[in-house]
Amino acid sequence: RVNHECMSCTKRFAFLNWTEQHWKLTDQQKEFQQLARRFAQEEIIPVAPAYDKSGEYPFPIIKKAWELGLFNGHIPQEYGGMGLSIFDSCLITEELAYGCTGMQTAMEANSLGQMPVIIAGSDAQKKKYLGRLTEEPLMCAYCVTEPGAGSDVAGIKTRAVKMGDEYVVNGQKMWITNGGKANWYFLLARTNSDPKCPASKAFTGFIVDADTPGVQIGRKEMNMGQRCSDTRGITFEDVRIPKENVLIGEGSGFKIAMGAFDNTRPPVAAGATGLAQRALDEATSYALERKTFGKVIAEHQAVSFLLAEMVMKVELARMAYQRAAWEVDQGRRNTYYASIAKAFAGDIANQVASDAVQVFGGNGFNSEYPVEKLMRDAKIYQIYEGTAQIQRLIIAREHLGRAKK
Amino acid sequence: MSGRVLVGVKRVIDYAVKIRVKPDNTGVVTDGVKHSMNPFCEIAVEEAVKLKEKKLIKEVVAVSCGPQQSQETIRTALAMGADRGIHVDVSGKDYENLGPLQVSKILAALAKQEDAQLILLGKQAIDDDCNQTGQMTAALLDWPQGTFASEVSLEGDKINLVREIDGGLEHIKINTPAVITADLRLNTPRYATLPNIMDSLMNNETELHKPNHRTSLCVGLIPLFETVAPEDMQGGTDRSGAMLRHTVLQSGLGLHTRSLVVFSIGIGKNKTKLGTV
C-alpha cells in the first residue's frame, strides 16, 4: 500500500498498487459502485426515455443524486465535499452513465465547471463557490467554447477589459452544458489584445455569477442525443466581474482551462464506457432471447463474434480510463493516458452502440427499444471535452515527445 | 425506558439474482453470488431510523447472525442511519443449521442484554420465507407482537399498529416492549448516502459476539432438518383407482359417463396410468 498526497485534493489516500487496484476494488469503492448502480437501476433507467422524449431537465433525479452525494464528489472536504479521488468519481460516473448519459452529463458538467476552481482557486473563492454547490443542489458550467472557436481554444474572441476594480466582458459562448441552469460559470476570456501575445499569457479565467447583469442565456438547443441535458448559447454584454473573481491572476487562464481537462477526461471516458456497457448488456440479453433459424441469435457465430468484439472494446475502455484516473490521483501528469482513454472510449462507445442496434435488428431502429437512444447519445463522446481528432493530436505529441527524449 | 431498538438484518442472496441449485442437490449456490440485505429488513431499518428522527427512540442497534460477510449487511444498516451494530458470529456447519428458532433465541438473549424497548424485524426473509423469527422472538420474551405491520405509531408507552392480514387491515394497540415485523408497505427504504457509506466503513461501530457456552448467548445450534431425496418410484397398478371410482360414484357427482379414464401424473418414466375405472 502506498500513502501519498493527491495533487488536486488535500486529503491523504491509501492506494493499492496499480495491479492490485484494478483487479480488486476496496470495500468503500465497491459500496460506492453498488449505490450508484442501484440508483441508476431504480431511479434513472425507468424515467430516462421520457426525459429523452421531452428534453426536460431532469432536476428531480439530479436533486436525488445530489442528496446521496453521487456528484460533486471531487470537492475537497474542507469545502463541504467528500474529497473523492478521480478514480472513485469515475466508478460512480460509469454506473450513472449506464442509466442515462444525458443525466450523467448534466452532473459531470458540474465537475468540469468546478475543476478550475478546485485546482486554481484561492481559499476564499473555493469557500464561496464550491461551498454553494455542497449546500444546495446548484449547478455550474464551463464556458469556453464559442460559435467560432471550439477546438481552437486560443482563437476565442470573448474580451475582458480591466476597468478599475472590475473586468468588463463582451462575447458569445456556445454549446454550454448546464448553460441555462447554472448558478455560476467558469469563463475563459481574452485579456491581452496583442495578437502576438502567446496563448499561455493572453487569457484569464473568471468565476461569473449567472445572475450578473448582461449575461443573456440563449434558447435550449435541441440535440441529437443526451437531449435532457441543457445546452445553450450564452451572450455576455458588458458584464462586470469583480477582480476578486479572477483565478490566479491575469494571463493564467489558458493553463487553468487545459489543466482542468486532465482531471475531467477520465470521467468522460468513464461515461462513454458506461454507455457502451449498457449497449452491450442490452444486446446480450436480446441475443439470448430472440430466436431465428431455430436457435437464439447468440448461437449464430456472426452475432456472437459481434458481441465478443463489443466485450473487448468495453473491457479495454474501462482499463484505459481507470489507468488515466489512477495516474492523476498519484499526483502525476496524466495527459497521455487521459487522452488515450477519452479518444478510445468515445470511439468504442459509438461502435458498440451501433453494433447493439445491429444485434436488435429492426427492433433496434425503433424508439420502443432502448438501443437507438444509446446510439444517438454516444456521438457527442467523440466531440466534447476535446474532439477525437484533437485527442489524436495530443497523443501523437506526447508519444513523440517521449520518443525524442 | 432505554429508548433502544434492536433491528434484525439478514444477509440473503440478492433478489435480482437467478438462483441455481447445487449439483449435489443439497441447497443453492451461494459462492460468488451477490448477497444483500433482505428487503424486508431494509424496511425495518428504515422504520427504526424514522422513529429515531422523530425522536421517539434514542438508539438503533442493527443485529445480524451469520458469517464474517454479515458485517457488510450491518454496515449497510449503519449507512442508512443505525447507530451501532452487533454481529453474532455463526459460521460453517452452525450457519447451515441456523434457522428462525436459533435466531429468535439469540435475539431474545440480546434484547435482555441490551435492554431493548422494541425489536423491529422484516416479516420474512426472501431466501427461506419462514415468517417465524418475529413471532418466536416475541414468544420467547413473552412480549406482545405486531406482525405484518404497514403502519406503526408510538403513543407514549403503547404502539398503534396497522397489520396487513388476509381479511384486510387490522388495527391493534400493543404495549412496549414489543416485537414488530415489517411488511412491504410500511415505508420506502432510503438509499445510503455516500458520506454515510464512508463513515460506516471508517468507524468500527460493530461488536462481535460468538455464541458459545462461555457467553450469555449460549444457543443450541442443533440441526433441526435433514434433507433427503425422494425414493425412486416404481410403475405398477395402483389400487387407489378403484377407491377413487367408488368415491366419485358415491358422492353422486352426477357423472353419467360409462367410463372414466384417470391418469396419474408421474415424473419422467414413472408415469403410471391408473387405467379406466
Side-chain angles (χ1 to χ4, degrees), chain A residues 9 11-14 25-46 61 63-85 87-93 95-96 99 107 134-135 137 281 284-285 288-289, chain B residues 9 11-18 20 32-43 45-46 49-50 53 62 64 67-82 85 87 126 184 187-206 208:
Chain A
C9 316
K11 181 148 164 67
R12 285 190 177 273
F13 292 103
L25 298 176
T26 64
D27 280 343
Q28 180 174 282
Q29 287 166 335
K30 275 192 218 140
E31 299 225 7
F32 284 177
Q33 198 183 42
Q34 283 306 317
L35 174 66
R37 190 169 289 179
R38 202 174 138 193
F39 185 82
Q41 290 289 346
E42 291 175 18
E43 303 287 337
I44 298 182
I45 289 179
I61 311 293
K63 184 156 182 284
K64 275 190 203 158
W66 177 86
E67 282 166 5
L68 295 178
L70 286 171
F71 64 99
N72 289 341
H74 202 59
I75 294 180
Q77 291 198 343
E78 45 269 45
Y79 306 106
M82 286 206 303
L84 292 185
S85 61
F87 189 93
D88 291 356
S89 309
C90 282
L91 287 177
I92 297 170
T93 298
E95 297 298 332
L96 295 176
M107 300 184 218
T134 54
E135 275 161 31
D281 287 352
T284 307
S285 73
L288 289 169
E289 284 169 7
Chain B
V9 294
R11 178 176 179 263
V12 298
I13 296 179
D14 189 85
Y15 75 89
V17 168
K18 249 198 183 106
R20 284 176 300 136
V33 170
K34 177 155 182 269
H35 284 67
S36 49
M37 192 192 288
N38 180 37
F40 294 108
C41 298
E42 278 180 11
I43 297 175
V45 172
E46 172 66 20
V49 173
K50 269 208 174 100
E53 284 169 351
S64 193
Q68 167 76 6
Q69 296 95 321
S70 296
Q71 294 200 3
E72 288 166 18
T73 314
I74 296 176
R75 267 209 302 277
T76 309
L78 292 172
M80 282 171 76
H87 170 216
I126 59 171
L184 188 64
N187 59 50
T188 310
R190 65 192 63 188
Y191 293 104
T193 67
L194 238 62
N196 284 349
I197 292 176
M198 248 166 124
D199 283 338
S200 75
L201 279 158
M202 284 206 273
N203 305 325
N204 219 355
E205 294 282 4
T206 308
L208 192 60

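Every chain is numbered from 1, with letters handed out A, B, ... down the list of sequences. Model, not experiment: these values are computed from the prediction. Heavy atoms only: backbone and side chains are in, while hydrogens, waters and symmetry mates are out.
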Participant: When heavy-atom pairs shorter than 4.5 Å are enumerated against chain A, which of B:E42, B:R190, B:E72 gives the highest number?
Facilitator: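 Looking at each option in turn, the highest pair count goes to B:E42.
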
Participant: So which heavy atom on B:P195 is nearest to which on A:L68, and how close?
Facilitator: CD-O, 3.9 Å

Participant: Do A:Q34 and B:I197 have side chains that get closer than 4.5 Å, going by heavy atoms?
Facilitator: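 A side-chain contact is absent here, since even the closest heavy-atom pair is not under 4.5 Å.
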
Participant: Please indicate whether A:K30 has more than 12 foreign heavy atoms, meaning atoms of other residues, nucleotides or ligands, lying under 6.0 Å from its NZ.
Facilitator: yes

Participant: At a 4.5 Å cut-off on heavy atoms, which part of A:E67 comes close to chain B: side chain, backbone, both, or neither?
Facilitator: backbone

Participant: List the steps, then state whether side-chain contact (heavy atoms from CB on, under 4.5 Å) holds for B:L194 with A:I92.
Facilitator: CA-CA 10 Å; B:L194 238 62; A:I92 297 170; 3.4 Å; yes

Participant: Would you compute the distance between atom CG of A:D27 and atom CD of B:Q71 and round it to the nearest 0.5 angstrom?
Facilitator: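 Here the rounded value is 10.5 Å.
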
Participant: Between atom CD of A:E42 and atom OH of B:Y191, what is the distance when rounded to the nearest 0.5 Å?
Facilitator: 4.0 Å

